[in-house]
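First the structure, in the form of structure tokens, and then the observations on it.
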Amino acid sequence: MEKEILKMNQITKIYGNGVIANKDVSLTVNHGEIHALMGENGAGKSTLMKILFGFEDKNEGEIIFDGQHLDGKKPAEIIEAGIGMVHQHFMLVESLRVYENVILGMEPKKGLSTDKQKAIELVKELSEKYNLKVDPMAKVSDISVGLKQKVELIKVLARNAKLLILDEPTAVLTPQETEELFEQLLLLKQSGHTIIFISHKIREVKQICDRITVLRRGRLVGTMDAANATEEEISKFMVGRDVILKMNKQPASFGETLLKVENLSFENKDKKKVLNYVNFEVKRGQILGIAGVEGNGQNELAECIFGFHKGVEGKILFEGKNLLDETIMGIRESGVSYIPEDRLTTGVATKVSIWENLVADRIDKKELREKNLLSQKKIKDMSQQLIKDYTILCRNENQEVGMLSGGNMQKVVVAREFSANPDLLIANQPTRGIDVGANEFIWKRIIELRDQGKAIMLISADLNEVLELSDSIMVMCDGEVAGYFEDSKEVSEYELGLYMLGLKKQGQEVAAE
């Protein structure tokens, strides 16, 4: 019989505002297994792990880890007990070297100073033991996203973690980096470590995990063996209904060119050239997918087109008009909508209501006015309709956006931008942090826009999303167009990964042909 290393018994967490995050949730993880924790956004996965790691207090229940009660322990004590967490957003100090990040807070001493050599040796030893291949002297700001994740793993292992919690570990990795990570996780498993793997990606969970626990709306749905469950069964468990995992869209019918980008170049505030002579076009009735490892210029490309930056060189022609001369409001008025990469920073105002966020781009429109004054009834009716159409889980339109789950915040952004009826939609990570049910909903809406003759620029770190939705695909690497495929069916996920990593490259002019 397999020995249980972790038991979370009947965990309940109710916030002060009455929101139930977890209700009677029980999770059992066996020693030496990779155990997936899945569920829709807002299902309670993050809260459950925050309770385990000591970031949140629970109202009821008990936690037993390796025979020890962890109730009421602080994060430092949880780490001491042998639990480590690799967060989705890395907790590294970019200006420090790899070894300095690893030993932060547990520096080996030589007299009164840090024993640098001992620290470097520790990183080397863990790198070799677990095949993580990281240079201890490299500056964190200079290494790739995949290597940063390895540094996070080494940090956790250096603190003698027996149980590792990985939160969406493949969200920013290429297929090649994901495969490498999985090899390392299997090596960790073989060496006796236990892993909780939080993910939305059903295919990956099936590939790497032994068992799967699913939460839905804060409650436990059940635990199943990964090997015996189909992708459709897991999806239904998560959402409570059948979910379409593949999109059967009609063949594209391209119209006239709507957006033409010519020789676009841009330096960021650090004087680093993040876009270098980028050329491409997007036509009516076309979804152009833009793939690339994060930090290779995709986000800056979207922001430049939507007027976020000054000092941009080249041309951004929308129906023949250069958008570089326009304000953000002017760009919106021209018929462009934008779903930003970071919903919290540029997507929503968290301290105000849902309705205020939904009307922020159309406050001066006639459709919301009565005798030239804003009509509260029209605003209320429109907001309630969008909440219904986009299945935003909330009390009502007056609820503060900051009180919503991440997935429902994203739906507020999507509802506002889609309902503006744009000619061009720039969708930057539109389903990031979104559950499989909402994912399907947003995909369908994007395809509906395309079929209405709109143009869509889809920027996504999820290659499955790029391949499922896109009619054409452009790959970016080091701020340049590394590859362009007029027909998305002519390229595989693996080949896209090669272009993303810079191992393959076409000529600069391909996307503009």
Side-chain angles (χ1 to χ4, degrees), residues 40-42 46 88-89 168 171 200 287 289-290 294 298-303 305-308 328-329 331-333 335-363 365 368 379 382-450 454-462 465 469:
E40 293 191 273
N41 206 282
S46 295
Q88 187 177 354
H89 302 291
E168 300 281 357
H200 286 106
I287 300 173
I290 299 176
E294 287 205 27
Q298 313 92 292
N299 186 50
E300 288 84 358
L301 176 63
E303 289 182 344
I305 292 171
F306 204 66
F308 273 65
I328 291 176
M329 184 59 77
I331 291 167
R332 277 196 179 278
E333 292 287 341
V336 183
S337 279
Y338 178 52
I339 299 171
E341 177 184 50
D342 186 343
R343 56 180 166 257
L344 286 171
T345 306
T346 47
V348 293
T350 56
K351 298 293 184 188
V352 302
S353 67
I354 294 169
W355 73 258
E356 286 170 293
N357 275 277
L358 288 172
V359 304
D361 66 328
R362 61 200 72 172
I363 206 79
K365 294 280 191 291
L368 296 179
I379 288 172
M382 187 205 75
S383 300
Q384 288 180 346
Q385 191 61 50
L386 288 176
I387 286 167
K388 182 183 172 186
D389 290 349
Y390 288 82
T391 61
I392 299 165
L393 296 179
C394 61
R395 288 197 300 273
N396 55 48
E397 73 277 6
N398 297 312
Q399 188 174 350
E400 200 175 278
V401 164
M403 299 305 295
L404 301 178
S405 72
N408 283 298
M409 277 190 212
Q410 186 73 357
K411 285 183 181 178
V412 171
V413 178
V414 167
R416 182 185 65 226
E417 301 303 322
F418 281 36
S419 65
N421 194 29
D423 288 310
L424 170 68
L425 171 69
I426 304 168
N428 194 355
Q429 313 295 349
T431 61
R432 171 166 285 169
I434 288 282
D435 54 80
V436 66
N439 200 76
E440 173 198 9
F441 177 86
I442 291 171
W443 282 13
K444 282 182 174 176
R445 292 284 174 142
I446 287 174
I447 289 168
E448 280 173 17
L449 280 177
R450 180 204 74 160
K454 314 296 188 181
I456 293 99
M457 266 177 67
L458 170 69
I459 301 168
S460 180
D462 183 347
E465 178 167 75
L469 284 185

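Sequence positions, counted from 1, serve as the residue numbers for this chain.
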Can you tell me how far [atom2] of [Y] sits from [atom1] of [X], rounded to the nearest 0.5 angstrom?
X: Ile379; Y: Glu356; atom1: CD1; atom2: CD; answer: 9.0 Å
X: Trp443; Y: Leu469; atom1: CH2; atom2: CG; answer: 5.5 Å
X: Ile387; Y: Gln399; atom1: CD1; atom2: CD; answer: 9.0 Å
X: Ile354; Y: Met409; atom1: CD1; atom2: CE; answer: 10.0 Å
X: Gln385; Y: Tyr390; atom1: CD; atom2: OH; answer: 10.5 Å
X: Glu341; Y: Glu303; atom1: CD; atom2: CD; answer: 7.5 Å

Practice task
Mind running side-chain contact (heavy atoms from CB on, under 4.5 Å) on Glu400 and Val352 for me, showing each step along the way?
Solution key: CA-CA 5 Å; Glu400 200 175 278; Val352 302; over 6 Å; no

Less than 4.5 Å apart, any side-chain heavy atom of [X] and any of [Y]?
X: Ile290; Y: Leu301; answer: yes
X: Val336; Y: Asp423; answer: no
X: Pro430; Y: Leu458; answer: yes
X: Asn299; Y: Ile459; answer: no
X: Ile339; Y: Val413; answer: yes
X: Ile287; Y: Ile446; answer: yes
X: Ile456; Y: Leu424; answer: no
X: Leu404; Y: Cys394; answer: yes

Could you tell me whether the side chain of [X] and the main chain of [Y] form a donor-acceptor pair under 3.5 Å?
X: Glu417; Y: Val414; value: no
X: Lys454; Y: Leu425; value: no
X: Asp361; Y: Ala420; value: no
X: Asn408; Y: Leu393; value: yes
X: Arg416; Y: Asn357; value: yes

Problem - Carboxylate-amine/guanidinium contact Lys444 Glu448, below 4.0 Å - result: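 No, no charged N to carboxylate O under 4.0 Å.
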
Handout entry: Nearest non-hydrogen partners of Ala349 and Val401, listed with the distance
Key =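 Closest approach of Ala349 to Val401, heavy atoms only: O-CB, 4.0 Å.
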
Practice task
Taking all heavy atoms of Val412 and all of Leu358, pick out the closest pair and write down the distance.
Solution key: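 Reported closest heavy-atom pair: O-CD2, 3.6 Å.
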
Using a distance-only test with no angle check, is there a side-chain donor-acceptor pair under 3.5 angstrom linking [X] and [Y]?
X: Trp355; Y: Gln384; answer: no
X: Ser419; Y: Arg362; answer: yes
X: Thr431; Y: Glu465; answer: yes

Handout entry: Aromatic Tyr338 / basic Arg332 pairing, under 6.0 angstrom, 45° off normal
Key =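 The answer is no; the distance or angle limit is not met.
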
